[in-house]
Amino acid sequence: MKESRGIAMPAVTVEDVLVLPRLPLPDPAQTRFREVKRLVTATLGMEGEGFQVRRGFAGIPMHELDPFVHFDHMGEVDLAPGEPTGAPWHPHRGFETVSYVMDGVIEHEDSNGGGGRITDGDTQWMTAGAGILHNEMPPESFVMSGGVVHATQLWVNLPRAQKFVAPRYQDIRGGEAALVTTPDGGSLIRIIAGDIAGHRGPGSTYTPITLAHITVEPGAQVDLPWHPEYNAIVYALAGAGTVGTDHRPFQMGQTAVFGPGDAIRVAASPRQDSHTPKLDLYVLGGRPIREPVAHYGPFVMNTRAELLQAFEDYQAGRLGVIPAKRLPHTD
């Protein structure tokens with residue numbers, strides 16, 4: 001296993017960004033740029049069958065993340081044959097998982113008979129709701145060949161009133177994201193959910209949120225309009241640059257939490273690392289739910305009693321059962 005070198009993200013792109021709709025120029029007299037209130041560096045952790053992730057929200061208070069709960073960044077890493085692994089059957093209840101694959105391929109299935117494959121630029125949006133068993137694994141062909149993996153998984157909380165909705169999927173193909181650029185054409189903005197300056201992504205959400213993947217050319221700046229009612233969080237997927245109007249240094253594996261306002265400023269360094277040609281960002285924000293959060297393992301509820309009930313329901317098989325055709329002894 002080694003960090004990837006010189007392999008560009010194949011997430012959705014365009015040959016000429018100048019053909020895309022452009023964000024409006026901010027009016028200096030009316031725009032209130034958000035200040036960076038917190039800048040943290042991700043810690044390392046292990047998931048599933050033993051793959052390494054960066055915990056992007058480590059050290060950030062829950063009230064600053066609301067309505068988000070958890071964020072993992074996997075890669076960019078070049079895996080040898082036999083090294084790709086995944087997260088075998090596990091339960092979820094009370095929230096949504098948003099898996100975004102920039103490179104590599106993951107196959108998923110669940111205890112309700114759902115499933116599919118997500119690869120370069122695709123998003124799998126799973127609403128666990130009342131509860132489900134889920135399996136996320138690389139296909140056998142990818143395990144045998146190895147290759148580059150680069151992906152994220154975001155956990156979005158559900159309000160109390162939607163904790164027990166029926167599970168559902170949104171399989172968002174990379175080409176469905178709304179694509180826009182900045183006035184100077186220096187950035188490619190892929191809107192996965194919510195809207196930015198009236199440009200709306202395909203994701204459907206229970207809580208109003210916005211998610212976007214932004215690629216910034218070296219030396220370019222992005223002044224991003226942002227909903228005043230939403231919080232604002234930016235994670236660096238690759239490259240280096242600055243965040244905020246005070247140009248605080250920012251690089252891969254770091255998360256910036258912004259204060260109040262209606263616009264975010266980020267910029268890419270004129271010179272990037274030799275193996276990272278551009279600054280890539282995962283930008284997210286939403287309207288806080290402002291409800292108690294009881295989070296443990298794969299469950300996100302409102303109270304400790306609800307957590308205990310979730311574990312009891314899982315152990316009793318009330319969150320579903322693994323389909324017999326997938327049990328190891330029947331393969």
Side-chain angles (χ1 to χ4, degrees), residues 14 16-40 60-61 63-68 154 156 177-237 239-251 254-270 278-290:
V14 294
D16 182 7
V17 297
L18 297 180
V19 304
L20 298 175
R22 305 192 191 195
L23 296 179
L25 280 168
D27 182 345
Q30 298 184 1
T31 302
R32 182 188 177 195
F33 280 97
R34 294 175 179 243
E35 296 182 359
V36 176
K37 63 186 297 186
R38 190 181 304 273
L39 186 62
V40 302
I60 302 175
H63 72 273
E64 294 181 9
L65 298 173
D66 188 12
F68 309 108
L154 173 70
V156 184
L179 303 181
V180 298
T181 188
T182 44
D184 63 357
S187 301
L188 173 59
I189 302 168
R190 308 164 188 84
I191 307 172
I192 299 167
D195 77 274
I196 298 175
H199 303 281
R200 179 166 293 277
S204 174
T205 69
Y206 283 96
T207 299
I209 64 175
T210 295
L211 303 178
H213 171 197
I214 302 179
T215 301
V216 189
E217 296 289 335
Q221 178 175 289
V222 179
D223 288 341
L224 197 67
W226 206 249
H227 291 275
E229 295 181 2
Y230 290 11
N231 60 356
I233 302 167
V234 176
Y235 177 85
L237 296 164
T242 64
V243 286
T245 55
D246 57 350
H247 308 292
R248 295 182 63 175
F250 187 57
Q251 64 182 359
Q254 291 189 310
T255 304
V257 180
F258 290 80
D262 54 20
I264 301 167
R265 175 168 289 174
V266 294
S269 299
K278 303 174 184 179
L279 174 64
D280 271 274
L281 307 167
Y282 194 77
V283 184
L284 60 156
R287 183 179 298 153
I289 298 173
R290 294 191 175 94

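Side chains included, hydrogens not; waters and symmetry mates left out as well; all remaining heavy atoms used. All residue numbers in this chain count up from 1 along the given sequence.
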Is Leu20 close to Val180 at the side-chain level, that is, under 4.5 Å between some pair of heavy atoms?
no

Do any N or O atoms from the side chain of Trp226 and from the backbone of Phe33 form a donor-acceptor pair under 3.5 angstrom?
no

When rounded to the nearest 0.5 angstrom, what distance separates CD1 in Ile209 from CD1 in Ile192?
10.0 Å

Check for a donor-acceptor pair, side chain of Thr181 on one end and backbone N or O of Ser187 on the other, with a separation under 3.5 Å.
yes

Using every non-hydrogen atom in the two residues, find where Pro218 and Pro270 come nearest and quote the distance to one decimal.
CB-O, 3.3 Å

Would you say Leu179 and Val14 make side-chain contact, with heavy atoms under 4.5 Å?
yes

Mind listing the closest non-hydrogen atom pair of Leu279 and Ala240 along with its distance?
CD1-N, 3.7 Å

Are any non-hydrogen side-chain atoms of Asp280 and His213 less than 4.5 angstrom apart?
yes

Asp195 and His227, any side-chain heavy atoms less than 4.5 Å apart
yes

Rounded to the nearest 0.5 Å, how far does CG of Leu211 lie from CG of Leu154?
6.0 Å

So how far is it from Thr245 OG1 to Ile264 CD1, rounded to the nearest 0.5 Å?
12.5 Å

Any salt bridge (Lys or Arg N to Asp or Glu O under 4.0 Å) pairs touching residues 214-225, not counting sequence neighbours?
Glu217-Lys278, Asp223-Arg265

When you look at Tyr282 and Ile233, which way does the side-chain contact (heavy atoms from CB on, under 4.5 Å) test go after all the steps?
CA-CA 8 Å; Tyr282 194 77; Ile233 302 167; over 6 Å; no

Between CD1 of Ile214 and CD1 of Ile189, what distance do you get to the nearest 0.5 Å?
4.5 Å

Would a distance-only check, ignoring hydrogens and angles, find a side-chain to backbone donor-acceptor pair under 3.5 Å from Asp262 to Arg32?
yes

Which atom names give the shortest non-hydrogen contact between Pro26 and Thr31, and what distance separates them?
CB-OG1, 3.6 Å

Could you pull out the closest heavy-atom pair between Thr207 and Arg287, with the gap in Å?
CG2-O, 3.4 Å

Please tell me if the side chains of Phe250 and Thr242 come closer than 4.5 Å, counting only heavy atoms from C-beta onward.
no

If you draw a 6.0 Å radius around CD in Glu35, do more than 12 non-hydrogen atoms from other residues or ligands fall strictly inside?
no

Main chain of Gly286, side chain of Asn231: is a donor-acceptor contact present, judged purely on distance under 3.5 Å?
yes

Arg34 side chain vs Gly261 backbone, donor-acceptor pair below 3.5 Å
yes

Quick one: does Val266's side chain get under 4.5 Å of Leu224's, heavy atoms only?
no

Could you state the interatomic distance from OG1 (Thr210) to CG (Leu284), rounded to the nearest 0.5 Å?
9.5 Å

Closest approach of Ala197 to Pro225 (non-hydrogen atoms, all atoms of both residues)
CB-CG, 4.1 Å

Quick one: does any side-chain atom of Glu64 pair with a main-chain N or O of Pro61 as donor and acceptor, under 3.5 Å?
no

Taking all non-hydrogen atoms of both residues, which atom of Asp184 and which atom of Leu18 are closest, and how far apart?
O-CD2, 4.4 Å

Can you check side-chain contact (heavy atoms from CB on, under 4.5 Å) on Phe258 and Val36, steps first, answer last?
CA-CA 4 Å; Phe258 290 80; Val36 176; 3.6 Å; yes

